[in-house]
Structure formats: C-alpha cells, structure tokens
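Quick notes on the structure that follows.
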Amino acid sequence: MSTCCLLTVAVVVGVAYIFRHIVVKGKRCTSEAKLHGKTVIVTGSNTGIGKTTAIDLAKRGARVILACRSRQRGEAALEEVKRESKSNQVVFMQLDLGSLKSVRSFAETFLKSEPRLDILINNAGIYMQGRTEDGLGMMFGVNHIGHFLLTNLLLERLKQCGPSRVVNVSSLGHNFGKIDFDSLNTHKALGLGTSFREIFQTYCDSKLCNVLYTHELAKRLQGTKVTCYSLHPGAINTELARNTSSVLQLCLKPLTMYFFKNTVQGCQTTLHCALQEGLEPLSGRYFSNCTVRDVYDKAKDDAAAKKLWELSERLCGLA
C-alpha cells in the first residue's frame, strides 16, 4: 500500500476515533447526590437507558419503581437492577402507557402503597404506528398522552414531597416535528401514514409534544417546589427500533454499534436533569449532552403548548 493510502487510512481511523470517543461518548452527569429516603419512578425501565438509569439511581440509595408494560420483562429487569445496584429498594409495577385505564390503575396503586415521590422520569417510548386501546395514534398515545396523564395524576404527591422533579425524555427528532391539531382533533393521531418517512415524521411529532408539554408544565408549576425538564439522550444503541423491519435493523446495526452511545453514555443527560444541583431556574428547558440548549420557536410556542395541554386533558378525561 502506498504512503498516500496509508496516510488516508490513518486520517479516517483518527477521525472515527475522535468522533466516537469525544462526540459519541459525550459528557457525564457529575452530580454525587445520594438519594436515601427518596422515591423515583422510571417508565420503560425494563430495557435500554431506562434500565441503566434505574440501576444508577438505586446505587445512590433511591427506592426505584420500575414502571413497565410487560410483566415478564419487568420482573426480569427487577432482578437485574437489584443485582447490579446491590439494592433491595427496587420494585416492579405494571404500567401500560398505551392504556389510560392502566395508567390510572398504576397511579392509584402507587399512591396507596408509596408515601413519597421525589423524581418522575418519563422515559418510555415507542417507534411504531397503530392504535392504542383507547383509539389514539400509538406514538401519540404512548409517547405523550400516557405520560401526560401519569404526571398529572401524580403531581400532588410530587408537590407534597418537593423539591421534586419531572424528567421527560424527548429526542433531537423534535426539531423535525410538527403538531397537526386538525389530525389530532379528527383522528386522535399525529399522522396516519405507514411509509418509513411518515412513521419517522410521526415519531418526531410525538417528541415535539414532549418538549411543548414540558414548556407548559413548567408554567403551571410556578410557585411550587416541582420543576421539570425535557432532554435528548443522544443517538443510542437500544431496542427502540425493534418494531421496524428486519432489513432496516440489519442495515443500521454497523452504524448503531460504532457510532451510537451505549446505555450508560445514553442515560447521562437523564441523570443530569434528575440530579444536578441548581437546575431549578431552568425549569421547562431542554437539555442535550448534560447542557441546557436553545430550541426552535415551535418548541417553545406558548399558544401551541397551551393548545396541546388542553387537547391532551380532553383526550385522557382530565378536562
């Protein structure tokens, strides 16, 4: 091989190394907070960054509630979280965010059995079309409405235990999102298409809902000791795409293995928003790579955020 070719290969390898170890790995949560006597709920904590987040919080002494749809996977995760954290203060409670009945049942059971709630981490998310049992678009229903209802049902307990926090895991994809209120009013869905582009658009729309919801929630929490934050965890090698085609998953595998964060790296911004001291003045803001970020006007539109809140109240029976 010529010297020129060797030099080119060296440069490519060097750039890849820098990208992976500086850009991909990202910042780490630096908080050393201990959570003895505190209770945390993490939705979708049977896999991915949710499970890794739960392990970290349990290691800090928190009582951690694993809120997961699948009992089998949730109970398996329970044993793993206990083993990895060396804590017995970990509990599995079944929660299907695609069922408003299940959300209400979870909240009722939690409020009867648990005296505290200090941190609520709305982590669960799906990437697939379809309908929930309540007739909502699947990604709108699970990624937004389920968490919206859950948070509202638990708000009084969060206020009683303040200072407390709500952490909503969104995505950089919210930048590409839009809220079609006509579609929501007519079809109870952000989009109906089934092509790759249309499904991706609907996912981004649901993530914009997360950011707008957090923006409005912060306003409604003013004067309380509860604060809230939304975040982009980074591109992460998790099971989020498990419902996509096997061909697409195969094509993405080399990319996700090398250029995406692992779950430990991916949960750092969640932990930062949940634990970092002094974030209270930034309630309602959006974070990425453990840093507060500015968002486009559409993600902090007061009128759209209020409209989404009121529509969400009607759709989940709170209005």
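Just so it is clear, the structure is predicted and the values come from calculations on it, not from any experiment.
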Ring-plane angle category for His144 and Tyr213, please: parallel below 30°, perpendicular beyond 60°, tilted otherwise. perpendicular

NZ (Lys59) and CG (Leu35) are apart, to the nearest 0.5 Å, by 13.5 Å

Looking only at heavy atoms, the pair that brings Leu66 and Ala54 closest together is CD2-CB, 3.6 Å

Query raised in the report: Hey, is Arg165 close enough to Glu280 for a salt bridge, meaning N to O under 4.0 Å?
Result: yes

* Looking at Tyr286 versus His232, is the centre-to-centre ring distance below 6.0 Å? -> no

- Task: Would you kindly say whether Asp96 and Ser102 are connected by a side-chain donor-acceptor distance under 3.5 Å?
- Result: no

Under-4.0 Å salt bridge between Arg285 and Asp294 = yes

Minimal heavy-atom distance between Asn46 and Ala77, with the atoms involved, is CA-CB, 3.5 Å

Closest non-hydrogen atoms of Val90 and Ser85, given as atom of the first, atom of the second and distance, are CG2-OG, 4.4 Å

Check: Which class fits the ring pair Tyr229 and Phe287: parallel under 30°, tilted 30 to 60°, perpendicular over 60°?
Finding: perpendicular

**Request:** For side chain to side chain contact (heavy atoms under 4.5 Å, CB included), just list the numbers for Ser283 and Leu221, CA-CA rounded to whole Å, side-chain angles, deciding distance to a tenth of an Å, and then say yes or no.
**Result:** CA-CA 9 Å; Ser283 183; Leu221 290 174; 5.5 Å; no

Can you confirm whether more than 12 heavy atoms, excluding those of Lys298, are under 6.0 Å from its NZ atom?
yes

field: Side chain to side chain, Ser170 and Leu231, heavy atoms closer than 4.5 Å
entry: no

For Ala62 and Val40 the tightest heavy-atom approach is CB-CG2, 3.9 Å

- Do the side chain of Asp118 and the main chain of Thr39 share a donor and acceptor less than 3.5 angstrom apart? yes

Would you please test Lys307 and Leu311 for side chain to side chain contact (heavy atoms under 4.5 Å, CB included) and show each step?
CA-CA 6 Å; Lys307 190 173 182 180; Leu311 174 65; 5.7 Å; no

For Lys225, does the NZ atom have more than 12 heavy-atom neighbours from other residues, nucleotides or ligands under 6.0 Å away?
-> no

Rounding to 0.5 Å, atoms CD (Glu114) and CD1 (Ile41) come to a distance of 8.0 Å

Donor on one side chain, acceptor on other, Lys27 and Thr291, under 3.5 Å | yes

- Task: Could you tell me whether Glu108 and Arg104 have a side-chain N and a carboxylate O separated by less than 4.0 Å?
- Result: no

Are there over 12 heavy-atom neighbours, none belonging to Tyr296, within less than 6.0 Å of that residue's OH?
no

To the nearest 0.5 Å, atom SG of Cys29 lies from atom CG of Leu275 at 5.0 Å

Note: Gln129 and Thr202 closest approach over all heavy atoms is NE2-OG1, 3.6 Å

- Give a yes-or-no answer on whether the side chains of Asn168 and Thr214 include a donor-acceptor pair shorter than 3.5 Å. yes

So Thr30 and His272, side chain to side chain contact (heavy atoms under 4.5 Å, CB included) or not? Walk me through it. CA-CA 7 Å; Thr30 59; His272 177 84; 5.7 Å; no

Hey, is Asp205 close enough to Lys207 for a salt bridge, meaning N to O under 4.0 Å? no

Paired with Thr43, the side chain to side chain contact (heavy atoms under 4.5 Å, CB included) test is passed by just one of Ile65, Val169, Asn122, namely Asn122

Rounding to 0.5 Å, atoms OG (Ser31) and CD (Gln268) come to a distance of 11.0 Å

CD (Gln94) and OG (Ser105) are apart, to the nearest 0.5 Å, by 9.0 Å

Practice prompt. Without swapping roles, check the side chain of Asp56 against the backbone of Thr53 for a donor-acceptor pair under 3.5 Å.
Written response: no

Practice item. Answer yes or no: is there an ion pair linking Lys306 with Glu310, defined by an N-O contact shorter than 4.0 Å? Key: yes

message: Between His215 and Asp302, do the side chains contain a donor N or O and an acceptor N or O under 3.5 Å apart?
response: yes

What one should report as the nearest heavy-atom pair of Ile145 and Cys316 is CG2-CB, 4.1 Å

Quick check: do Ile121 and Ile119 have side-chain heavy atoms less than 4.5 Å from each other? yes

Using the side chain to side chain contact (heavy atoms under 4.5 Å, CB included) rule, take Arg63 and Val91 through it: C-alpha gap first, then chi angles, then the decisive distance, then the call. CA-CA 8 Å; Arg63 180 170 176 79; Val91 178; 3.3 Å; yes

Distance col, row Glu84:CD vs Glu79:CD, nearest 0.5 angstrom, shows 12.0 Å

State whether the number of non-hydrogen atoms from other residues, nucleotides or ligands found under 6.0 Å of Glu277 atom CD is greater than 12. yes

Side-chain heavy atoms of Leu136 within contact of Arg131, under 4.5 Å = no

Can you tell me if Thr269 uses its side chain to pair, donor with acceptor, with the backbone of Cys290 under 3.5 Å? yes

Exactly one of Leu117, Leu153, Leu150 clears side chain to side chain contact (heavy atoms under 4.5 Å, CB included) with Phe110, and that residue is Leu117

Self-check item: Sidechain-backbone polar pair: Gln201 side chain, Phe176 backbone, donor-acceptor under 3.5 Å
Solution: yes

